[in-house]
> 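Pasting in a structure now, in structure tokens, and then I'll have a few things to ask.
Note that the structure is predicted; figures quoted are calculated from it, not measured.
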Amino acid sequence: PPGRINALLAVLDNKLYLYGGIREEGNKEVTFNDMWALNLNKLDAWQMLYDETRFEWDGVEQQEDDDGEDEDGSSGDEGAVQPKPKSTDEPPRS
């Protein structure tokens, strides 16, 4: 597999599995979406299990402004669960 940083590694049944990671190429980062296996008894060759990595950069970068908002003006937490406000319709408890 190509060199990378921040990859996930796991060992199971004498096989080393490598998943994903990031590689810097010039001024951009490529995020790997691939999985490889290495037989630790033989150490002869890596086997590619799957690879869905996109190497083409579409030229669009999402950056946060200094105020914490994305380029589209959102804060990025629209999907976050908000606490329910307390109802004022309840009678006071004694």
Side-chain angles (χ1 to χ4, degrees):
R4 61 194 68 202
I5 59 174
N6 296 334
L8 174 82
L9 297 172
V11 176
L12 177 67
D13 296 331
N14 290 322
K15 282 194 177 181
L16 173 67
Y17 293 92
L18 179 142
Y19 174 74
I22 298 172
R23 179 183 187 121
E24 293 180 359
E25 294 182 1
N27 63 349
K28 61 182 177 177
E29 290 182 350
V30 174
T31 301
F32 289 101
N33 184 18
D34 58 354
M35 188 166 207
W36 298 77
L38 176 65
N39 186 327
L40 296 176
N41 292 329
K42 297 180 183 179
L43 297 176
D44 57 350
W46 284 92
Q47 175 188 7
M48 185 187 330
L49 303 178
Y50 76 89
D51 186 2
E52 294 183 9
T53 302
R54 276 189 49 213
F55 285 101
E56 304 85 31
W57 181 55
D58 59 8
V60 177
E61 292 183 5
Q62 184 141 358
Q63 297 178 350
E64 266 192 24
D65 295 335
D66 291 338
D67 60 0
E69 292 183 353
D70 293 337
E71 290 175 347
D72 62 358
S74 64
S75 62
D77 60 355
E78 286 80 17
V81 177
Q82 299 295 328
K84 290 184 179 180
K86 290 187 177 183
S87 174
T88 57
D89 297 337
E90 295 179 19
R93 295 185 185 194
S94 50

> Would you list the atom pairs, donor with acceptor, under 3.5 Å between side chains in residues 5-20 and any protein atom, with sequence neighbours excluded?
unit_1, atom_1, unit_2, atom_2, d
Y19, OH, N33, OD1, 3.0

> If a pair satisfies salt bridge (Lys or Arg N to Asp or Glu O under 4.0 Å) and one of its residues is in residues 32-41, list it, with sequence neighbours excluded.
R4-D34
> Which heavy atom in L38 sits nearest to a heavy atom in A45, and how many Å separate them?
CD1-O, 3.5 Å
> I need the minimum non-hydrogen distance between T53 and V30, along with the two atoms involved.
CG2-CG1, 4.1 Å
> Would you say the side chain of F32 lies within less than 4.5 Å of the side chain of P1, judging by non-hydrogen atoms?
no
> Between L40 and L43, what is the shortest heavy-atom contact and its length?
O-CG, 3.8 Å
